[in-house]
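First comes the structure, then the notes that go with it.
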Amino acid sequence: MPIIDVSINTLVTDGALFEDIDDVVLLGVQAKSSAVQFSDVDEFSALGLLGVAGVADFSDLDEFTADGFLNNEPNVFGEGIFDDVDEFIADPIQSVDALADFEDIAEFISEGVLLQAETPVLTFIFDVIGTEAELLADRRTNWVPRLQVDGVDVRIASAHLDDTNDQAGKTVDVNLVNLDERALFTSAASIRFGYGRRVSGAWDETTMEWEIIGGKAASQSSTTSGPPHTPADTVKITARDNTKTLLLKTAQTPLIIYDSNRVTVDTSQMDVLLDTDGRSYPTEALAIAGMTLKKLLTETLVNRCGFTSFRMNLPDYPLQRYDCAIGASIWQATKKFTGMFNPAVLDVNQELWIVDTSLAIPAGFPDPREVSFDQMNTVTSDEDVPHIDGFLVQYVQTDNAYDYTTFRFEDDTVPIGNTIVESNRIFIQFRKLAHPTVVLREALNIESKTISANGVTIEESTENWIYGLGGDIISRSKTVDKLLPTIGSFDQVPAPLSMQRSLTEYETYTYLTHPFKVGEKYIERRSLTVTGLIASDTQNPQLGRPWDGAFHSVYQTGNLNATTTVRDGGIRTYSESSTPLRNGNVQTRVFEVDEIVGLVLKDYIEERPGDVGMRATANAQKELLVLAEDNITRTTDEIQDFPVGELPLTLAIPLSRRVIVQRQTKPKRFNGHLISYDKTIKKGLPIRAKQWRNAVSPTNVLITGRVIDSDSKGTYMTVTGREI
Amino acid sequence: MIVFKDTNGTPLSTYSMQVQPNQVILFNELVPCIANRSLRAVSVENATVEARFPGDVDWIDLVADGIDVSAFALQDVEFEFRLTIGPLKGRYSFDLTVT
């Protein structure tokens with residue numbers, strides 16, 4: 001087949017195969033498809049925007065060309081394969097993500113941003129905890145609680161370590177033996193608490209397991225009765241670990257962290273908070289290109305809270321914007337992005353772990369390690385747990401953050417008396433890769449008009465709207481050719497007529513972040529310049545100066561004569577700038593100049609009612625009913641809400657199904673007791689719990705909390721968890 | 001998103017477990033295959049990480065050799081993995097990746 005020319009407005013469908021073709025030409029075509037293959041095609045060119053998302057394979061092409069000729073928009077290549085292409089040209093802008101593959105290309109010509117293909121990573125962390133014999137010996141050890149203040153041992157009568165909440169961080173309550181040592185617990189003192197073995201009256205340092213390092217005293221309470229130092233007197237110290245201290249850190253100023261690839265934040269017009277000394281606390285806006293959950297948590301937890309590092313098994317999904325008010329917890333403000341996973345948060349050797357508690361043991365993985373408890377209870381969930389069918393998953397979709405565009409073409413002819421108006425319109429359709437069949441929005445891109453009267457073309461015009469990456473109009477240009485007397489032949493009777501470029505309009509729009517409304521922006525300025533042909537009549541001067549006017553107007557009013565000259569020049573300038581006001585209105589300045597005469601026509605400021613804010617990211621709240629499995633029938637059981645925010649549906653649906661199943665099967669709550677201390681049992685870890693002598697069947701459990709009590713009789717551990 | 005998944009298709013980014021010295025652990029997972037890339041294990045200490053296509057006899061060391069997954073480009077393919085823990089105690093980690 002020599003040439004295939006896919007006609008305008010055609011969708012290349014899934015599974016299309018273009019084989020043994022000399023030349024494939026796509027005109028304004030959506031080539032966004034799955035499994036499109038272009039085998040043995042010598043040359044491929046796409047005029048107009050090309051969006052390739054599925055498994056489009058362009059291997060072994062002699063030449064690949066994609067021109068964003070209409071709008072200077074990016075060519076979007078989702079998962080295109082371009083191996084061994086001799087020449088690859090994508091102009092003017094190319095945006096590549098996901099799996100686009102460009103190996104062995106002889107020549108690569110592309111302007112704009114090239115994003116690297118994603119590299120999947122699965123991190124395995126394994127604790128080698130010792131042999132069965134060693135673990136058994138540990139269990140038989142008499143573990144003794146140990147407390148140090150600034151490196152000095154403080155004797156304690158009892159200890160209660162609480163590691164149960166999901167807020168991360170542990171607290172320990174201790175009763176002091178020597179009441180006078182309470183003075184050591186200053187606010188700056190560094191506290192260490194753990195468990196170890198004592199041999200011949202001294203600590204065996206090699207056995208120490210420090211649970212709290214770098215902790216701080218949180219409170220101190222004393223009970224005294226009668227004369228000083230009676231046996232009933234106690235001093236109780238509560239200390240919290242460093243993790244908890246770091247998680248309580250707050251934002252020093254209002255803080256916005258945003259993905260600069262997707263949203264724009266301008267803080268210049270935002271309100272600035274002042275203190276009583278006149279110091280200002282302006283909003284800090286930090287741009288992170290391609291922000292994801294992991295990048296956000298690195299910035300918030302590591303750079304701002306002070307953790308050395310963190311690990312998580314939550315999916316690293318893309319985020320648009322994080323907001324934290326001055327004085328608000330940096331950590332708490334991240335929870336809107338993690339809360340749906342109900343994560344367990346724990347510190348493991350000074351590293352923060354964020355663990356998805358909705359996860360069961362991954363399918364295909366072995367059972368976790370068995371732990372034998374001295375006493376074990378599994379408690380069936382309460383009877384009032386609802387019987388639910390599914391979740392109404394509430395997710396946020398960014399309507400105007402499109403992934404690619406396609407075009408729709410519309411032609412019409414309207415006769416009006418002897419006049420005929422022929423219009424050709426090209427509409428740009430904004431689409432997302434996730435929902436290729438849905439048009440998010442449609443906007444007029446190009447309109448060409450031809451007006452004829454009595455069979456003679458009297459005007460031709462083309463108007464072109466350019467849209468930015470957010471789908472907002474950036475500029476509009478219009479050219480008008482009119483049938484006018486031919487310049488230089490005004491002395492002829494009758495003067496010949498010809499089509500002449502009489503008017504050119506150029507309009508630009510600039511946007512700023514709304515100072516008062518989070519996530520909104522507004523049109524700060526709209527500027528219009530009109531240029532074109534200007535007729536100048538020196539024979540009929542006005543006050544000694546030539547009488548000038550727009551060529552078409554002078555012709556229309558019958559003021560052309562043989563000596564009229566015509567030149568190109570500015571005709572009109574119009575500008576409208578806006579500033580949002582705190583009262584919800586907008587202050588607008590209008591400025592208009594007649595460039596021909598050199599006269600300011602309008603220059604005033606007025607307050608207009610109504611706000612000019614527009615959604616910068618146009619996040620739309622959407623709902624999707626998710627039942628426990630595909631293709632099951634809805635019953636009359638309950639439907640519950642399940643908000644997931646910006647979490648992509650590809651992740652939100654499996655997550656919601658995991659939670660549905662957990663609620664439907666009423667998972668058991670687990671409670672187990674150990675005589676002694678087991679350093680291998682940590683919050684967030686899965687274990688296979690069994691009772692001593694196997695009196696109860698083993699159960700896979702995710703540990704959600706630990707409480708460790710020590711007194712003169714020994715150390716005891718209570719473990720709580722959830723069946724998985 | 002291009003991610004590893006368990007055999008039910010649930011995305012996996014981190015997995016932690018407690019093991020004993022010299023223990024051998026077998027598991028399966030779905031690997032996102034990409035043209036001109038190989039399944040590899042990086043930063044491996046105190047362990048040997050091997051994989052094979054289900055049904056194959058020979059295990060392939062993912063540190064020394066890796067497995068070319070080009071033939072399955074843009075598919076999630078189930079692989080068998082064998083993790084052999086070394087003799088040392090302590091915390092270790094490694095990354096499985098397609099690079």
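FYI, side chains are in, hydrogens and waters are out, and symmetry mates aren't considered; it's all heavy atoms of this structure. Quick note on labels: first sequence line is chain A, next is B, and so on, each numbered from 1.
- Residue A/Leu655 does not touch chain B at all, counting heavy-atom pairs closer than 4.5 Å.
- One distance of note links CG of B/Leu83 with CZ of A/Phe126; it measures 6.0 Å at 0.5 Å rounding.
- Within the 4.5 angstrom heavy-atom criterion, no atom of A/Pro368 approaches chain B.
- A donor-acceptor pair under 3.5 Å links the side-chain atoms of B/Gln18 to the main chain of A/Thr680, judged by distance alone.
- A/Thr123 places no side-chain N or O within donor-acceptor distance of the main-chain N or O of B/Asp95, the cut-off being under 3.5 Å.
- Note that CG of B/Leu30 is 11.5 Å distant from CG of A/Leu122, once rounded to the nearest 0.5 Å.
- Partners of B/Phe27 under the ring pair (Phe, Tyr, Trp, His ring centres under 6.0 Å) rule, at least two apart in sequence or in another chain, are A/Phe124, A/Phe365, B/Phe81.
- In terms of heavy-atom proximity, A/Arg311 sits nearest to B/Ser93 at NH2-OG, 3.7 Å.
- The contact list for residues 41-48 of chain B toward chain A, using heavy atoms and a distance under 4.5 Å, reads B/Glu45, B/Asn46, B/Ala47 by residue number.
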Please report, to 0.1 Å, the donor-acceptor pairs under 3.5 Å made by any side chain of residues 55-63 of chain B, with sequence neighbours excluded.
{"from": "B/Asp61", "atom 1": "OD1", "to": "B/Val63", "atom 2": "N", "distance (Å)": "2.7"}
{"from": "B/Asp61", "atom 1": "OD1", "to": "B/Ala64", "atom 2": "N", "distance (Å)": "3.2"}

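- For the residue pair A/Ile129 and B/Lys89, the shortest heavy atom distance occurs at C-CD, 4.0 Å.
- Closest heavy-atom contact between A/Thr131 and B/Pro21: N-CD, 4.0 Å.
- The choice from B/Val19, B/Thr99, B/Thr7 that makes the most heavy-atom pairs within less than 4.5 Å of chain A is B/Val19.
- The shortest heavy-atom contact between B/Gln20 and A/Leu135 is NE2-CD1, 3.9 Å.
- In this structure, the portion of B/Leu88 lying under 4.5 Å from any heavy atom of chain A is its backbone and not its side chain.
- When the candidates A/Pro366, A/Pro686, A/Gly364 are compared by the number of heavy-atom contacts under 4.5 Å with chain B, A/Gly364 comes out ahead.
- Here A/Lys294 pairs with nothing under the salt bridge (Lys or Arg N to Asp or Glu O under 4.0 Å) rule; sequence neighbours left out.
- Here CG of B/Asn8 is found 10.5 Å from CZ of A/Arg658. Values are rounded to the nearest 0.5 Å.
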